[in-house]
Amino acid sequence: MDSLNTLWMSTGLANFELGQVIMMLVGLGLLFLAIAKGFEPLLLLPIGFGAILTNIPVAGFSEVGGVLHYIYYAGIDTGIFPLLIFMGVGAMTDFGALIANPRMLLLGAAAQFGIFATLFGAIALNAIPGFDFTLKDASAIAIIGGADGPTAIFLASKLAPELLGAIAVAAYSYMALVPIIQPPIMKALTNEDERQIEMKQLRHVNKLEKIIFPLAVLILTIFFLPAATPLVGMFCLGNLMRECGVVDRLSSTAQNELINIVTIFLGLGVGSKLSADAFLNVETLGILALGAVAFSIGTAAGVLMAKLMGKFSKDPINPLVGAAGVSAVPMAARVVNKIGLQSNPHNFLLMHAMGPNVAGVLGSAVAAGVLLALVG
Amino acid sequence: MDSLNTLWMSTGLANFELGQVIMMLVGLGLLFLAIAKGFEPLLLLPIGFGAILTNIPVAGFSEVGGVLHYIYYAGIDTGIFPLLIFMGVGAMTDFGALIANPRMLLLGAAAQFGIFATLFGAIALNAIPGFDFTLKDASAIAIIGGADGPTAIFLASKLAPELLGAIAVAAYSYMALVPIIQPPIMKALTNEDERQIEMKQLRHVNKLEKIIFPLAVLILTIFFLPAATPLVGMFCLGNLMRECGVVDRLSSTAQNELINIVTIFLGLGVGSKLSADAFLNVETLGILALGAVAFSIGTAAGVLMAKLMGKFSKDPINPLVGAAGVSAVPMAARVVNKIGLQSNPHNFLLMHAMGPNVAGVLGSAVAAGVLLALVG
Amino acid sequence: MDSLNTLWMSTGLANFELGQVIMMLVGLGLLFLAIAKGFEPLLLLPIGFGAILTNIPVAGFSEVGGVLHYIYYAGIDTGIFPLLIFMGVGAMTDFGALIANPRMLLLGAAAQFGIFATLFGAIALNAIPGFDFTLKDASAIAIIGGADGPTAIFLASKLAPELLGAIAVAAYSYMALVPIIQPPIMKALTNEDERQIEMKQLRHVNKLEKIIFPLAVLILTIFFLPAATPLVGMFCLGNLMRECGVVDRLSSTAQNELINIVTIFLGLGVGSKLSADAFLNVETLGILALGAVAFSIGTAAGVLMAKLMGKFSKDPINPLVGAAGVSAVPMAARVVNKIGLQSNPHNFLLMHAMGPNVAGVLGSAVAAGVLLALVG
Amino acid sequence: MEELSSVFMEAGVLMAVGMAFVFGFLSLLIIAINLLASFSSRYPDPVPSVKQPQQTASSNTGEISPNIIAAISSAVAHYRQKNSKA
Amino acid sequence: MEELSSVFMEAGVLMAVGMAFVFGFLSLLIIAINLLASFSSRYPDPVPSVKQPQQTASSNTGEISPNIIAAISSAVAHYRQKNSKA
Amino acid sequence: MEELSSVFMEAGVLMAVGMAFVFGFLSLLIIAINLLASFSSRYPDPVPSVKQPQQTASSNTGEISPNIIAAISSAVAHYRQKNSKA
Ligand code: NA
Ligand code: NA
Ligand code: NA
């Protein structure tokens with residue numbers, strides 16, 4: 001009898017709290033988005049699963065002694081996992097298109113307006129009762145506009161760990177939604193003629209340029225923004241391993257096995273922050289709303305900047321490529337290519353969009369550094 | 001002279017204790033079983049090697065500052081390594097045969113009688129002077145009957161860490177001995193006619209079923225047995241990654257590089273618990289004896305349950321498949337197939353035995369959860 | 001205005017110290033050697049990059065909370081990373097040539113004279129004002145003569161962590177310089193006739209010998225030098241996994257993904273010790289000078305020992321193979337082969353040089369153990 | 001002795017409760033699988049539509065690594081060369 | 001209310017300083033890339049000379065693993081066998 | 001000065017003891033290898049019997065991964081297609 005009672009008291013049914021049930025449904029929802037809708041499945045699947053695990057009553061996944069607790073504190077609280085992901089992404093990134101046409105960096109810069117405008121917006125939300133974002137919170141939320149998962153997780157873990165779950169979910173969800181969010185904005189801000197513009201073919205970039213490039217980026221960052229060097233440094237390390245040609249086995253491991261292992265743990269660790277009390281509040285709604293705004297403003301700023309540059313450029317610039325400046329590599333560049341083809345079936349913008357696309361990664365890492373330096 | 005003396009005092013020869021020598025021979029014995037006899041070499045080789053290392057005098061492998069100390073406390077004491085192995089095993093497991101014929105779960109349930117009967121037996125051993133098993137010890141020993149290495153290590157690390165070495169060695173040794181332990185029992189409990197029974201071909205299982213299955217298992221576990229969710233959850237995560245089709249690179253890493261890395265460390269860490277004072281006592285003999293009993297009873301219970309089910313089933317059931325319910329995937333299923341072929345050379349039972357075989361994995365994870373909830 | 005000032009005060013330019021700038025240039029120099037000159041790029045690239053990162057002002061990579069801090073303390077201070085590298089190297093090493101001609105071990109022993117002579121030399125340097133090497137420091141420096149990276153890092157982390165950076169850089173640099181350092185010494189100590197000597201073809205080594213060999217090495221080390229068992233033990237574990245034939249998936253992971261992952265972290269962690277105050281002093285110059293001496297003496301001792309053995313051997317011994325005794329696998333063996341071919345275009349010494357080459361690995365691990373036992 | 005029998009009792013209760021729970025749990029799972037089967041039968045394998053989303057996502061899952069491609073290319077080239085001689 | 005406006009002010013300054021910094025930084029990078037391009041144009045791709053050092057170094061980077069070789073050999077053998085039947 | 005000479009002495013002893021130990025140890029290993037060789041010569045390479053146990057064990061060591069098989073199949077298919085055109 002006693003045993004039966006102990007057993008009953010140790011069931012989930014006897015211990016459920018409403019918030020946990022809702023958060024498990026949120027986790028299932030993320031799994032649905034990842035599997036059925038293909039929303040950034042590599043991250044959203046482990047995040048969704050982690051959300052379910054962390055909300056299981058009695059089991060204590062995220063308490064001292066629980067496996068998610070160890071994963072979170074060893075890998076996310078220290079910043080190691082997002083930095084390793086960034087190293088792997090660096091090892092996967094080809095900067096050739098950007099080096100061939102460096103002015104595209106301005107598009108990557110413009111698109112970061114999505115971040116800073118959102119920062120302003122997050123502070124403005126404080127006027128509504130129920131919201132109480134500090135400047136740190138606002139900065140961590142704003143980085144969603146950078147459209148870069150590891151950057152968002154890294155910054156949130158430093159500035160607003162209690163918002164980390166919502167921020168990471170918003171960042172990856174909107175990145176998956178880029179093909180839906182961006183096209184209307186791109187079409188509203190351009191006319192048919194502009195969208196048909198063909199761009200000059202990119203010059204060949206030689207090996208030496210590609211090798212020195214990550215070092216140049218790192219040195220500039222050291223000079224002007226050391227706060228960004230964890231992110232930029234690991235990214236440049238990955239890229240240098242890729243391009244130098246003498247450590248291919250390290251580069252291959254960084255962009256395959258290592259990033260896969262870390263992705264599983266990062267996702268679970270982020271999911272462990274999706275507890276009811278951290279997620280089920282009006283602030284999460286604010287974060288989701290602000291994230292959508294951030295992406296939209298970033299896209300618009302990129303396109304407008306491209307139009308402006310087109311006015312002063314001797315070589316024609318298709319303003320659509322500005323939308324790729326938000327990063328969300330390589331999805332945003334593919335969207336640009338697709339919208340471009342709709343207006344001009346012979347105009348392949350993919351390579352031209354890769355420049356602003358990777359510029360956007362650098363741009364948001366720099367923006368993250370600025371926020372760390374001024375707010376952190 | 002002084003140097004020579006210091007050097008001599010730092011040799012192993014000057015510091016050996018008898019127990020250490022014996023444990024190194026035990027380690028060499030495990031290496032022999034692994035290499036020459038093919039006994040679960042992936043685990044028993046690192047366990048045997050770890051046993052040698054941990055018993056080296058002076059070197060201090062398992063003391064603070066020693067490499068095995070770090071491995072044990074970071075990976076086994078926290079439960080992380082067995083859980084990662086379980087995730088990898090989940091990513092390797094195809095539940096198709098079980099989903100096609102779910103009644104096979106009852107065989108996986110029946111075979112767990114090996115666990116609970118052994119628990120009773122371990123307590124009974126206390127009547128013999130020299131034995132003094134607590135209920136926690138008895139539970140950790142009994143789980144050997146689950147025929148599942150990571151489950152046994154996980155439970156032992158929680159309930160009886162000082163017995164972990166002996167329990168893990170017994171579990172993997174008996175799993176390797178399944179082709180020797182099971183056939184006589186199977187033949188004793190069945191007659192020639194029963195062994196010749198052919199079973200109906202399994203229906204096709206579609207992708208959606210395979211995707212939802214791990215989630216359904218997890219949800220039931222959350223409802224009724226949250227204590228089992230670390231094991232079941234990580235297992236289901238691995239299986240979901242395998243079946244969902246959108247994170248193949250994570251699934252591949254989980255069942256290859258990650259599980260390989262963790263296997264090396266898990267084996268060394270388990271080996272580090274094979275110290276003389278923890279292993280060279282009458283309790284280890286008791287554990288080895290109880291382990292053999294557990295496997296035998298589990299096998300018998302599975303076969304008898306299959307006979308019982310055959311009486312009430314409209315589709316014929318070959319009672320041999322009940323033996324696969326102990327798990328020991330896929331060895332037990334292969335044994336069933338082989339014994340079946342001896343009686344009927346046209347009767348391939350392998351796929352039919354895979355159902356109870358994977359059911360046995362779930363069954364022993366559930367049994368582990370029950371023990372954690374009631375005894376832990 | 002305030003923001004601008006905060007931003008300026010957070011730039012690198014406002015915070016640089018001269019030492020940091022110089023150390024970054026040292027880091028860039030290591031990258032140059034790794035990439036343009038092919039100097040042991042797998043280690044020197046991450047070391048050089050780590051040196052740059054650790055010297056970035058404000059960023060705090062190697063302070064509490066910085067990523068390099070965690071990497072160093074988790075992996076190098078504990079000794080885990082060099083031991084895992086050694087396990088991987090063991091899994092890559094074929095002892096066939098040594099087992100076929102075990103007398104080559106004497107060449108691997110003779111070449112360790114480079115280590116002990118350098119130890120004497122390091123103490124002698126104390127006579128020069130500005131040097132103040134303790135016996136521990138001298139031992140850690142001397143191990144450079146072992147021409148084995150992980151051994152040097154392991155020993156330095158135990159005996160003289162503050163010299164670790166300089167020692168690791170010297171060890172890998174001189175290993176890369178083997179093709180330049182060794183030939184003049186080899187030619188000075190041999191005459192044309194000696195260099196033309198052809199050696200008897202090696203006998204076939206069977207599988208059983210290769211399996212038992214690592215165990216025999218381990219057992220001898222346990223008997224006589226337990227202090228060397230961390231290094232020798234992990235090396236032998238790797239080699240046993242390679243040769244036993246039943247855990248190929250573990251062996252493959254140990255010599256590929258696992259060693260690659262650890263190499264990246266090991267390099268970064270070593271680089272984190274290249275801070276200005278630890279590196280920019282006269283002791284580093286002493287270490288670099290002693291390292292060159294160590295390699296030269298080791299090479300000479302190996303060649304002279306080979307000449308001596310040739311006098312008493314019934315089978316002819318080409319004295320060049322003695323140079324391979326310093327280890328630096330497989331570079332030193334290749335150098336032997338090349339110099340041999342210059343004198344006799346039909347004389348392929350590569351396989352004969354592999355014996356002393358791998359013997360040198362064992363020899364320096366043993367020497368490291370002696371130093372740990374007597375000085376540590 | 002008394003203590004021993006009380007532990008025995010406890011072990012017996014554990015055995016009964018444990019086996020009942022295991023059977024109960026796995027029986028529930030049988031029901032769940034049957035429900036799942038009848039639900040899933042309405043959605044026959046939509047293999048292509050499940051694969052599609054992944055391609056649009058930014059993963060490079062399933063791509064064969066350039067190393068392997070290179071290995072194969074050289075192997076095939078080698079084989080072709082050999083064949084052309086024969 | 002006063003506090004809110006001061007935070008607003010701070011956010012506004014952050015926005016201005018941040019965007020200025022991002023533009024300034026990436027503009028500098030444009031200059032750096034242009035300098036880099038003119039510098040690099042003097043060193044056209046020296047592919048073989050960059051690859052050579054690696055071979056003399058003790059790394060086995062880029063070597064194709066024996067497993068893959070074995071896989072390919074068997075695949076090619078299999079294919080050849082099949083082909084020879086046809 | 002006195003101290004220096006005592007450290008010198010210590011270093012000298014270390015050198016002597018160390019070299020003696022290294023030579024002694026590796027000489028023992030020579031003996032061990034010779035014993036091992038004479039022992040092992042009684043067991044010539046039993047390759048198949050060593051491999052067998054592994055297959056019965058539950059490891060999938062040494063199996064070539066499906067990815068590689070897929071890669072090779074497609075490469076061979078591609079090559080065959082190309083060849084058939086020519
Ligand atoms: Na961005
Ligand atoms: Na089981
Ligand atoms: Na050496």
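In what follows, every chain begins at residue 1, and chains take the letters A, B, ... in the order their sequences are listed.
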Worksheet item: Should we count CZ of F95(B) as having more than 12 external heavy atoms under 6.0 Å?
Response: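 More than 12 within 6.0 Å, yes.
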Practice prompt. Considering only heavy atoms, give the residues of residues 67-80 of chain C separated from chain B by less than 4.5 Å, sorted numerically, with 'none' for an empty result.
Written response: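 Hits under 4.5 Å: T78(C), I80(C).
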Residue part contacting chain C, namely of [X], when any heavy atom lies under 4.5 Å:
X      : result
M9(B)  : neither
A34(B) : backbone
F32(B) : neither

Taking all atoms of both residues into account, what is the closest heavy-atom pair of [X] and [Y], and its distance?
X       : Y       : value
T11(B)  : F223(C) : CB-O, 3.5 Å
S10(B)  : P226(C) : O-CD, 3.0 Å
L215(C) : L28(B)  : CD2-CD2, 4.4 Å
A254(C) : I264(B) : CB-CD1, 4.4 Å

Worksheet item: For L218(C), is it the side chain, the backbone, both, or neither that has a heavy atom closer than 4.5 Å to a heavy atom of chain B?
Response: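 Only the side chain of L218(C) comes within 4.5 Å of chain B.
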Fill in: Contact class of L237(C) relative to chain B, heavy atoms under 4.5 angstrom
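For L237(C), backbone and side chain are both near chain B.
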Discussion item. With a strict 4.5 Å heavy-atom criterion, list every residue of residues 49-60 of chain B that contacts chain C, or say none.
Written reply: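 Hits under 4.5 Å: F49(B), I52(B), L53(B), I56(B), P57(B), V58(B), A59(B).
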From [X] atom [atom1] to [Y] atom [atom2], the distance as rounded to the nearest 0.5 Å:
X       : Y       : atom1 : atom2 : result
I222(C) : F16(B)  : CD1   : CZ    : 6.0 Å
I35(B)  : M241(C) : CD1   : CE    : 11.0 Å
L225(C) : L13(B)  : CG    : CG    : 11.0 Å

Worksheet entry | Close side-chain approach of R249(C) and T263(B), heavy atoms under 4.5 Å |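 They are not in side-chain contact.
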Fill in: L45(B) vs C244(C) side-chain heavy atoms within contact, under 4.5 Å
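L45(B) reaches C244(C) side chain to side chain.
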Worksheet entry | Partner of T253(C) under side-chain contact (heavy atoms from CB on, under 4.5 Å), chosen from L258(B), N260(B), I259(B) |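 The single option meeting the side-chain contact (heavy atoms from CB on, under 4.5 Å) with T253(C) is N260(B).
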Discussion item. I need the residue from A227(C), P230(C), A373(C) with the largest number of non-hydrogen atom pairs under 4.5 Å to chain B.
Written reply: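 So the answer, after comparing A227(C), P230(C), A373(C), is P230(C).
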